[in-house]
Amino acid sequence: MFSRFKKLTFVFVILIFSFSFGCTQGENSLEKKYGEDIHYFFGLEALGKKDFEKAKKKFTRCAQKGSYYPARKSFEQLVLLGNVQERIKLCSEFVKKYDDDDAKLFACKILVQEKEFALALDVTEDLDLSQASNELVRLRLDLMAKKKDARLEQTIYDWFTQRRISSDHYNFYRENAHDELEEVLFGDANSDGIISGFSLALSSVQQFRIALYRGNYNAAYEMLDEIRDLTIARKAVPLTYQLIADIGRACVNGSKDNIANAEFFVELAADENFPDSKMKYYSLIYSGLLYNKNDSYRRRALKQFEAAIPYAADEREYDQALWYYLQSCLKISIEEAVAGLKKYCATWNDADYFDDFFDSLCVLLFSGGKWNPFPEIYSVVKDYASPLTVSKFAYLAARMIQEEFVEGDDNQIENLFKVAAECQSGTYAYYNFLAAKRLGFSTQQIDDLFFGKEFETIPADEENFLDEKILSARKLLLGYADFGFWENIYNEWLKFFEQDKYIIDIETVAKLSAFLRELDDGKNNCYSKSLRMISRTVNVHRGRIPREVFLLLYPQDFSEEVNAACAEFEMDDYVMYALIRTESFFEVQAQSHAGAVGLTQLMESTAADCAARLKVQNYDLNDSATNVRFGTYYLSNLMSRLDGSKILALFAYNAGLTNVRRWIRTSKIQFDTQGKISSDLFLETLPFAETRDYGRRVISAAAMYAWLYDGLNPCDIVGEMM
């Protein structure tokens, strides 16, 4: 049963987001809200009732008068509803009006279905093979084969060498390699048996890249001389930067002759016959990676990574080269890494990209017993690192002074803790809570620190400043909710998010997320979809957010199952909600690569042991009640074996009891103590990055749940769990 506070909280979030969905507004209100776009949704309703004539009328009106996305969707529906002649005619009009790859793919599928292969081939004529969707390229290749287009081989080669190899390439190769090799080796029945050098080269390059895609590095390395001969020595086929990167991968993973291979890339980067900057960039990167495999050549590696930086084609490549440079600095010494940060931290583009570097740096500092660099690193990066990293190093710098590992005074400690507490690090509040606890923050102070004001509504006279497509995209998604087409929401939102993370604003996503949560029946994964939508949106949002968004970020889904299991095994519900959120994002059917199953991500062997101890003979880990019960029991059992410590039990849940006991022994050596080590510092010494991150996330989430639903001070919860 909900406590009174929980009931009020639940009612609060429902009231906030009960805004126009389903039948909560009359048709007049919806017409005012959506204007001409309403006819797209009316058309979908008519389609569902198989009233095709009405549907066509509604789609036609929206296609002519609606905003961009509802109009485009309406046009697609008109194509699908037309007869053969209409479909063919409308496909041509559709591609002319919406001249992008998505439009071409949609039209091509229709044209191929109607066996209009020549028209479909024309539609795909100007594809950028390095950027177009693989599905669209595959369609074009199939069409070229049907029409016996003489450009087929060159197109296949370009597709296989101008972009990352993918499952689409692999499937294409598996479907076509046998026939191609037969033709290459023996000629077809209509040929004179003479096989072009290009055909043989294409086959070799395909096999090389597929071997790498499958992780068969030794086989790929054995082919390296042939690939170098084809692309560099004889220039039988073009060398691309993707091939250079794959040659590098083959050398890094398939050979121990690191220095000779590194020298090859150094020469390639200097070769004036290959002036392309991306080729130079990847040649320098892989020479650095190969030098870095030998301790005696780390300075050379450093030089190569630094030389690659000016050749970066975009912000991603720049950050990648700089990341390699800083990691290489770290392999030389802590001092070198700090010097590298001083030199370059003001120049990176995506501060979040370097969080894992700082995590590695932190572990090395702890493992080496080097405490003095913490305050210095904080001072260097405080204006440039991500809020998470700033919060982390401010907190740890304060702790180093507090533990008297580093000289400093109480004012410094307080100022550093204040910075750590107030950093706007999104939902990753671990260091915020730790610092706030040290400062003795009240619940009200935490509220003021985290919660933003209500969403700011865009005034009508300012909407014109937003791109029409952005407003149209938001209206499309809200319309799916208002008219009950919930199945469309998640996939359409995901397309927009992958196109541009900021197209759909946080207020719109919050409304959609709340709507999806109300629909979940425990089987359709709306819980996890709702959480993924709001979580990914908040992660790219800088600044504070309203309380109601936090309630969506930390939902109490499967409350009956959690409450029952927690009552049975005397576990705090906020701990289990935090564990489930971290493990599976409330997805009942979740399954990890390692084979962990369900809401609490239990391995089959662990579940079997739990079942035996609980005397359960038949069970299904995809059953939410069973999975939560077993997971709660398992965590409770680990706590009992670790002196009741929740944090150690969580580490053991993630990495195993044996590892945790070994880490405790190792950390005592690092801190030169036989006594109890502070849990916040112990966490930073763990050798598994996954377990360190897991601990932070579960503790932070548990504090959030206790704060949001029970009105408890999250600082107290952190203290209790640590």
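For the numbers below, each heavy atom of this structure counts, side chains included, while hydrogens, waters and symmetry mates do not.
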Provide the closest heavy-atom pair for [X] versus [Y] in the form atom of the first, atom of the second, distance.
X: Cys91; Y: Val79; result: SG-CG1, 3.9 Å
X: Arg138; Y: Asn171; result: NH1-C, 4.2 Å
X: Met144; Y: Leu152; result: CE-N, 3.6 Å
X: Leu553; Y: Ser535; result: CD2-CA, 3.6 Å
X: Leu552; Y: Ala514; result: CD2-CA, 3.8 Å
X: Asp467; Y: Lys469; result: OD1-N, 2.7 Å

State whether the number of non-hydrogen atoms from other residues, nucleotides or ligands found under 6.0 Å of [X] atom [atom1] is greater than 12.
X: Arg234; atom1: CZ; answer: yes
X: Glu487; atom1: CD; answer: yes
X: Glu125; atom1: CD; answer: yes
X: Lys115; atom1: NZ; answer: no
X: Tyr311; atom1: OH; answer: no

- prompt: Hey, mind stepping through Asn134 and Trp159 against side chain to side chain contact (heavy atoms under 4.5 Å, CB included) and telling me if it holds?
  reply: CA-CA 9 Å; Asn134 284 317; Trp159 182 49; 2.8 Å; yes
- prompt: Distance under 6.0 Å and angle within 45° of the ring axis: does Lys73 meet both against Tyr40?
  reply: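 Not satisfied by the 6.0 Å and 45° rule.
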- prompt: So is Arg581 actually on top of Tyr554's ring, under 6.0 Å and inside 45° of the axis?
  reply: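 Ring-cation test returns yes.
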Can you check whether [X] and [Y] have ring centres sitting under 6.0 Å from each other?
X: Phe496; Y: Trp493; answer: no
X: Phe41; Y: Phe483; answer: yes
X: Tyr98; Y: Tyr68; answer: yes

First locate atom [atom1] of [X], then atom [atom2] of [Y], and finally report the distance between them rounded to the nearest 0.5 Å.
X: Leu224; Y: Asp229; atom1: CG; atom2: CG; result: 11.5 Å
X: Arg249; Y: Leu212; atom1: CZ; atom2: CG; result: 5.0 Å
X: Leu143; Y: Glu116; atom1: CG; atom2: CD; result: 11.5 Å
X: Leu141; Y: Asn176; atom1: CG; atom2: CG; result: 8.5 Å
X: Phe106; Y: Leu111; atom1: CZ; atom2: CG; result: 10.0 Å

When you measure from the side chain of [X] to the backbone N and O of [Y], does any donor-acceptor pair fall under 3.5 Å?
X: Glu175; Y: Phe172; result: no
X: Arg474; Y: Ile503; result: yes
X: Thr600; Y: Asn627; result: yes
X: Arg209; Y: Phe160; result: yes
X: Glu583; Y: Ala590; result: no
X: Thr626; Y: Asn622; result: no
X: Glu492; Y: Asn488; result: no
X: Arg140; Y: Leu121; result: yes
X: Ser203; Y: Ser199; result: no
X: Thr231; Y: Leu239; result: no

Derivation of the side-chain hydrogen bond (donor to acceptor under 3.5 Å, both in side chains) call for Tyr281 and Gln320: CA-CA 11 Å; Tyr281 175 86; Gln320 180 185 52; 2.9 Å; yes
task: Given side chain to side chain contact (heavy atoms under 4.5 Å, CB included), test Tyr170 with Ile210 step by step and report yes or no.
output: CA-CA 6 Å; Tyr170 179 52; Ile210 292 298; 3.8 Å; yes
query: Passes side-chain hydrogen bond (donor to acceptor under 3.5 Å, both in side chains), Asp158 versus Gln154? Steps please.
result: CA-CA 6 Å; Asp158 291 343; Gln154 183 64 57; 2.9 Å; yes
task: Apply the test side-chain hydrogen bond (donor to acceptor under 3.5 Å, both in side chains) to residues Asp101 and Ser133: give CA-CA distance (whole Å), side-chain angles for both, the deciding distance (0.1 Å), then the verdict.
output: CA-CA 7 Å; Asp101 284 355; Ser133 74; 5.9 Å; no
Got [X] and [Y] here, is their nearest side-chain heavy-atom distance under 4.5 Å?
X: Lys49; Y: Lys54; value: no
X: Ile504; Y: Leu477; value: yes
X: Val588; Y: Phe558; value: yes
X: Leu516; Y: Leu512; value: no
X: Lys96; Y: Phe94; value: no
X: Cys108; Y: Thr124; value: yes
X: Val252; Y: Tyr217; value: no
X: Met533; Y: Ile489; value: yes

message: side chain to side chain contact (heavy atoms under 4.5 Å, CB included) for Arg517 and Asp557? Distances and angles first, verdict last.
response: CA-CA 9 Å; Arg517 285 203 64 247; Asp557 301 326; 2.2 Å; yes
Using a strict threshold of under 4.0 Å (side-chain N to carboxylate O), is an ion pair present between [Y] and [X]?
X: Arg163; Y: Asp168; value: no
X: Lys109; Y: Glu135; value: yes
X: Arg151; Y: Asp149; value: yes
X: Glu93; Y: Lys97; value: no
X: Asp482; Y: Lys33; value: yes
X: Glu587; Y: Lys529; value: no

field: Audit row: Gln64, Thr60, side-chain hydrogen bond (donor to acceptor under 3.5 Å, both in side chains) steps and yes/no
entry: CA-CA 6 Å; Gln64 293 172 348; Thr60 298; 5.9 Å; no
- prompt: Can you list the steps and then say if Tyr157 with Gln162 is a side chain to side chain contact (heavy atoms under 4.5 Å, CB included)?
  reply: CA-CA 8 Å; Tyr157 182 85; Gln162 291 183 6; over 6 Å; no
task: Run through Lys57, Gln77, His39 and flag the one making a side chain to side chain contact (heavy atoms under 4.5 Å, CB included) with Cys62.
output: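 Per the side chain to side chain contact (heavy atoms under 4.5 Å, CB included) rule, the option paired with Cys62 is His39, out of Lys57, Gln77, His39.
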